[in-house]
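Just so you know, ligand 1 is whichever comes first in the structure, and atom 1 is the first atom listed for that ligand.
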Amino acid sequence: MIDDLHEVYAIRYGHHDRRSAENFIGGDPHDVLQPLDFYVWAIVGGPRTYVIDTGFDAAMAQRRKRDLIKPVGDGLKAIGIEPDQVEDIIVTHLHYDHTGNYDLFPRARYHLQDGEMAYATGRCMCHAYLRMPFECDDVVAMVRKVFAGRVAFHDGDDELAPGITLHRIGGHSKGLQSVRVKTRRGYVVLASDATHLYQHIDEGRVFPIVYNSGDVLQGYETIKRLASSRDHIIPGHDPKVIDQYPPARAGLEGWAVRLDAEPTER
Ligand SMILES: [Zn+2]
Ligand SMILES: [Zn+2]
């Protein structure tokens, strides 16, 4: 059956220069420059197109002191996806860099874990440390979508379509979900922030923004089990992703890459 094989893309839209010590609980003895990139992803090729996460816009980039490289909508158009035609968006979690641009997709239904909405609207948000990566307006925008009948809730693992499954990982955010996609090279896992960098999952280290470290570490084992190999795992913020996969098409180098193709360097 070929209908369950999908194309998968990563679109880089943002960047943040920082020291490696900022990327790990306990710091980092090397203390080198270790930037984060910001991505959205897309699954194409079946009867429906899925956009995974919606990024942040220029105003939020300024507010959070991040670089917006190219607007998310431009990146999607560059690979042939018109944002106003998108019908399905998977939201991995409700952090500001994954759920902004909330007016860009007027027709979309948003796939979200029950646990993430409960977390982002519940008692944990009374704590400044826990609410720091959330933006009230983003969360309110999602609540409005619930009332507009535009949110599809999932609780744990779920199949969206043949070859596309959601997996609740938790840890970094309480209801974080990763996405597994069947491709021509095997099962690719869009981990999102279940692992920010390859280093986190390779070395069993934890990014400082966290709800539950135990679930982060257990999540690494789940992701390794779900992916066909270590090279089928796509971290949420690693600049290596844009470097080691081939461009989606000529001219999109450094902007959009194909994740269902073999990585070119490791
Ligand atoms: Zn996050
Ligand atoms: Zn993130």
Quick one, H95 with I209, criterion side-chain contact (heavy atoms from CB on, under 4.5 Å). Give me CA distance, side-chain angles, the key distance, then yes/no. CA-CA 10 Å; H95 287 171; I209 294 173; 4.0 Å; yes

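- Between R19 and E22 there is no salt bridge, since no side-chain N of the basic residue sits under 4.0 Å from a carboxylate O of the acidic one.
- The Zn ion (ligand 1) lies closest to atom NE2 when only the N/O/S atoms of H172 are considered.
- In the model, E135 has no side-chain atom that pairs as donor or acceptor with a side-chain atom of Y102 under 3.5 Å.
- Nearest to the Zn ion (ligand 2), among the N, O or S atoms that D193 has, is OD2.
- The distance from the Zn ion (ligand 1) to the nearest N/O/S atom of H98 is not under 2.8 Å.
- The pair D28-R205 meets the salt-bridge criterion, with a side-chain N (NZ, NE, NH1 or NH2) lying under 4.0 Å from an Asp/Glu carboxylate O.
- No other N/O/S atom of H95 lies as close to the Zn ion (ligand 1) as ND1 does.
- In this structure, I89 and D53 approach most closely via the heavy-atom pair CG2-N, 4.4 Å.
- Residue H93 does not count as close to the Zn ion (ligand 2), with no N, O or S atom under 2.8 Å.
- With respect to the Zn ion (ligand 2), D97 has OD2 as its nearest N, O or S atom.
- At a threshold of 2.8 Å, the Zn ion (ligand 2) has no backbone or side-chain N, O or S atom of H196 nearer than that distance.
- No option in F56, Y39, W255 other than F56 meets the ring pair (Phe, Tyr, Trp, His ring centres under 6.0 Å) test with Y13.
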